Amino acid sequence: MATLIEDYALIGDMQTAALVARDGSVDWLCLPRFDSPAVFAGLLGGGEHGCWRLAPAAVGAGAAARRRYRGDSLVLETEWDTPEGTVRVLDLMPPRQDAAPVLVRIVEGVRGRVTMRSALRPRFGYGRVVPWVRRVDQDGTGTPRRTVAVAGPDSLWLDTDAETYGGDLTTCTDFTVAPGQRVALTLSWQPSHRPAPPRPDAARLLAGTERFWAEWTSRCRYTGPWRQAVTRSLITLKALTYAPTGGIVAAPTTSLPEEIGGVRNWDYRYTWLRDAAMTLGALLRTGYREEAREWREWLLRAVAGDAQNLQIMYGVAGERELAESELPWLPGYEGSRPVRIGNGAAAQLQLDVYGEVVDALWLARTARLAPGPEAGDDGTHILQMKLMNHLESHWRDPDEGIWEVRGPRRHFTHSKVMAWVAADRTVRRLTALGSSAPVLARWRALRDEIHQEVCAKGYDADRNTFTRSYGSRELDASLLLIPQVGFLPPGDPRVAGTVEAVRRELCEDGFVRRYPLADGPDRGGGASGDGLPGGEGVFLACSFWLAHDLALIGRRAEGRRLFERLLELRNDVGLLAEEWDTRRGRLVGNFPQAFSHVPLIDAALRLGGDGA
């Protein structure tokens, strides 16, 4: 049986990340980047597709008794109680500069004498390629002390003081630890044509990793009642940041299903402008100005030279080509196929991203972020003007909307609201600069025109609610953002009406679905409202938006109750996937998901009285 999504914990080095299961198996790791081919792809298949299990050797040793992160860090501590005694494993990936990526696993004896077994089974190319594995002597003693696995351009180097042996295409290590004893195993990646990487010093890397996270989390300004949840979410967002460029991936995984056994399986190892723009706001509001500045610089590089063809997502270094393909040799998580890499939605038209990006640039300006080498004194201003010039001519176009529907384009209400946001923030910027240019009056008039059209065509007066798209009776959870972006004040009766309509028509067990999926006359696009068959779970980001809105409209106690329920959906180490399956009572979708943790932070700030 596959490991539950919530039974995984995240470790990472701000360039890639690994998922570690409760049974001590690393089942997902892409090297050297988030979007590189996986060397452990057991998450989307089985052990034969790559994994590294480190656990007590006793027959029947399964899930650990306890696990936690050590303090406010990404150092995972897992403990097993066995008939022989108690043993602890520390898993980490130290932040790297120019060094090789390293996965460090340290076994500590706690009580008794426990025999451990390491079973390393790398499979390059997303589980397809069995590497050539050999032991090498590099210290002149004649004793093989390193194990190297090579396939094409990649090599993995296993270092440990314990003896290794091979069997069944697996490199194994057996050893026993007593109280106070430590045995370290490290796995380093290196291009196969390069010399062997230096042997890692596990103790030094552990100490340095703990120092890094202690210093980073000490900068958090949030001191409200949900400090632990907010800090863990911030750590997760930092872990999903590609340090060399400042790009932020939506999740470190691909093809974890939105419905178990279904086809809604997407690759999230890229930087969505929408997600990243919202992340910038959360970082700024909690004191992380440097990370916000780095994302702004990433944005300027990614969009440079082609602002009129803004993509909804890019690679972590700003790559535009993210061609979608399928991996037929992988059976998928719990049989959820196809497994996909790349993401065809990159070519979609989603007008709302213009609003999100312009809003992020406005927020960065009001926060007085220092200009970086890409921004210069006027780089962000020039970009904003280019984006607004393009949007002025195209805001009336139908698009695929925030949820990346794969059916016909529509006039989505949220897309038009975000076009208003772009115009509003641009008018504010020009006004703050003291501009008297004719374009200011033109864009002020455009802002008013968009607002009037949305209120006329995107609002159902009979039901007192905004609707998913012009002329539709459907609702959409993105309408919950109307008061949060300032399109209407929270006290406007149309806001309360929309909140109530969403609770009435989109909620399941108190949590929010993105939009209706059942057949209906105005679904447009096939078997559901997005052109895809099957269903999905309730969407956690939307549920946090509802809690946020309840606080905005003066129903703080209701919002707080919903927020507390949502916190209970986090796994034991504080992580959230994209969605929650109410029937099965489990997390679904890619994991951990930045788009779930950002609105958690925003809702905590609003409900705690710190604003958002």
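Given the structure is predicted, the values throughout are model-derived calculations rather than measurements.
The minimum heavy-atom distance between Val102 and Thr186, with the atom names listed, is CG1-CB, 4.1 Å. Of all heavy-atom pairs between Ala360 and Ala277, the closest is CB-CB, 3.8 Å. When all heavy atoms of Val512 and Ala477 are compared, the pair lying nearest together is CG1-CB, 3.7 Å. Thr78 and Arg22 get closest at one heavy-atom pair: CG2-O, 4.4 Å. In terms of heavy-atom proximity, Ala239 sits nearest to Leu10 at CB-CD2, 3.9 Å. Across all their heavy atoms, Asp91 and Ile11 have their closest contact at O-CG2, 3.6 Å.
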Could you walk me through whether Val502 and Leu480 pass side-chain contact (heavy atoms from CB on, under 4.5 Å), step by step? CA-CA 8 Å; Val502 167; Leu480 294 169; 4.2 Å; yes
Output, in order, the C-alpha distance, side-chain angles, deciding distance and verdict of side-chain contact (heavy atoms from CB on, under 4.5 Å) for Leu540 and Glu578. CA-CA 6 Å; Leu540 297 178; Glu578 183 178 33; over 6 Å; no
May I have the step-by-step check of salt bridge (charged side-chain N to carboxylate O under 4.0 Å, His left out) for Arg565 and Glu568, ending in yes or no? CA-CA 5 Å; Arg565 285 193 66 204; Glu568 292 174 0; 5.6 Å; no
Set out, in order, the CA-CA distance, both residues' side-chain angles and the distance that settles side-chain contact (heavy atoms from CB on, under 4.5 Å) for Asn265 and Glu326, then state yes or no. CA-CA 10 Å; Asn265 317 317; Glu326 298 178 3; over 6 Å; no
Please report the C-alpha distance between Phe595 and Trp272 in whole Å, then the side-chain angles of each, then the deciding distance to 0.1 Å, and finally whether the ring-ring contact (aromatic ring centres under 6.0 Å, His included) criterion is met. CA-CA 10 Å; Phe595 203 39; Trp272 267 253; 9.4 Å; no
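The residue from Glu259, Glu536, Arg513 that alone fulfils the side-chain contact (heavy atoms from CB on, under 4.5 Å) condition with Glu579 is Glu536. Across Glu258, Glu404, Glu508, a single residue satisfies salt bridge (charged side-chain N to carboxylate O under 4.0 Å, His left out) together with Arg514, and that is Glu258.
Residues passing the side-chain hydrogen bond (donor to acceptor under 3.5 Å, both in side chains) test with Trp580, sequence neighbours excluded: none.
Not a single donor-acceptor pair under 3.5 Å links the side chain of Asp27 to the backbone N or O of Leu43. In this structure, Arg570 contributes its side chain and Leu567 its backbone to a donor-acceptor pair below 3.5 Å. Under a 3.5 Å cut-off, the side chain of His49 and the backbone N or O of Arg123 do not form any donor-acceptor pair. Side chain of Gln350 to main chain of Asp352: no donor-acceptor pair is present (N/O by atom type, distance under 3.5 Å, no hydrogens or angles). A donor-acceptor pair under 3.5 Å is formed between the side chain of Asn571 and the backbone N or O of Tyr8. Here the side chain of Tyr288 pairs no donor or acceptor atom with the backbone of Leu280 at under 3.5 angstrom. Between the side chain of Ser336 and the backbone N or O of Ile260, no donor-acceptor pair lies under 3.5 Å. In this structure, Glu356 contributes its side chain and Arg274 its backbone to no donor-acceptor pair below 3.5 Å. Under the 3.5 Å distance criterion, the side-chain polar atoms of Thr217 are matched with a main-chain donor or acceptor of Trp213. Looking only at distances, no side-chain donor or acceptor of Asp7 sits under 3.5 Å from a matching main-chain atom of Ala21.
Annotation: salt bridge (charged side-chain N to carboxylate O under 4.0 Å, His left out) contacts involving residues 29-47, sequence neighbours excluded, comprise Arg33-Asp35, Arg33-Glu319. Pairs engaging residues 234-248 under the side chain to side chain donor-acceptor pair (under 3.5 Å) rule: Lys238-Glu291 [sequence neighbours left out].
Inter-residue side-chain proximity for Thr253 and Leu44 is flagged as unmet; no heavy-atom pair is nearer than 4.5 Å. Counting heavy atoms from C-beta on, the side chains of Leu546 and Val499 come closer than 4.5 Å. In this structure the side chain of Asp13 never reaches within 4.5 angstrom of the side chain of Pro94, judged on heavy atoms. Residues Leu234 and Ile601 have side chains in contact (heavy-atom distance under 4.5 Å, counting atoms from C-beta outward).
Shown here is Glu321, whose CD atom has no more than 12 heavy atoms of other residues, nucleotides or ligands within 6.0 Å.
From Phe124, atom CZ reaches atom CH2 of Trp189 across 9.5 Å, with rounding to the nearest 0.5 Å. Separating the CG atom in Asp23 from the CG atom in Leu54 is a distance of 10.5 Å, to the nearest 0.5 Å. Remark: Arg269 CZ to Leu322 CG distance equals 10.5 Å, nearest 0.5 Å. Note: Arg296 CZ to Leu299 CG = 10.0 Å, rounded to the nearest 0.5 Å. Of the inter-residue distances, the one linking Arg88 atom CZ with Glu77 atom CD reads 4.5 Å to the nearest 0.5 angstrom. Leu330 contributes atom CG, which lies 10.0 Å from atom OG1 of Thr254 (distance to the nearest 0.5 angstrom).
Taking the six-membered ring where the residue is Trp, Trp298 and Tyr314 present perpendicular rings, their angle passing 60° and hence far from 30°.
Aromatic ring centroids of Trp226 and Phe563 lie under 6.0 Å apart.
Checked for salt-bridge contact, Glu334 and Arg584 miss the test: no charged N lies under 4.0 Å from a carboxylate O. With respect to Arg66 and Asp81, a salt bridge is recorded, a charged nitrogen being found less than 4.0 Å from a carboxylate O. A salt bridge between Glu564 and Arg561 is absent, with no side-chain N of the basic residue lying under 4.0 Å from a carboxylate O of the acidic one.
The closest side-chain donor-acceptor pair between Asn590 and Trp266, if any, does not fall under 3.5 angstrom. Neither side chain, Gln484 nor Arg606, offers a donor N or O lying under 3.5 Å from an acceptor on the other.
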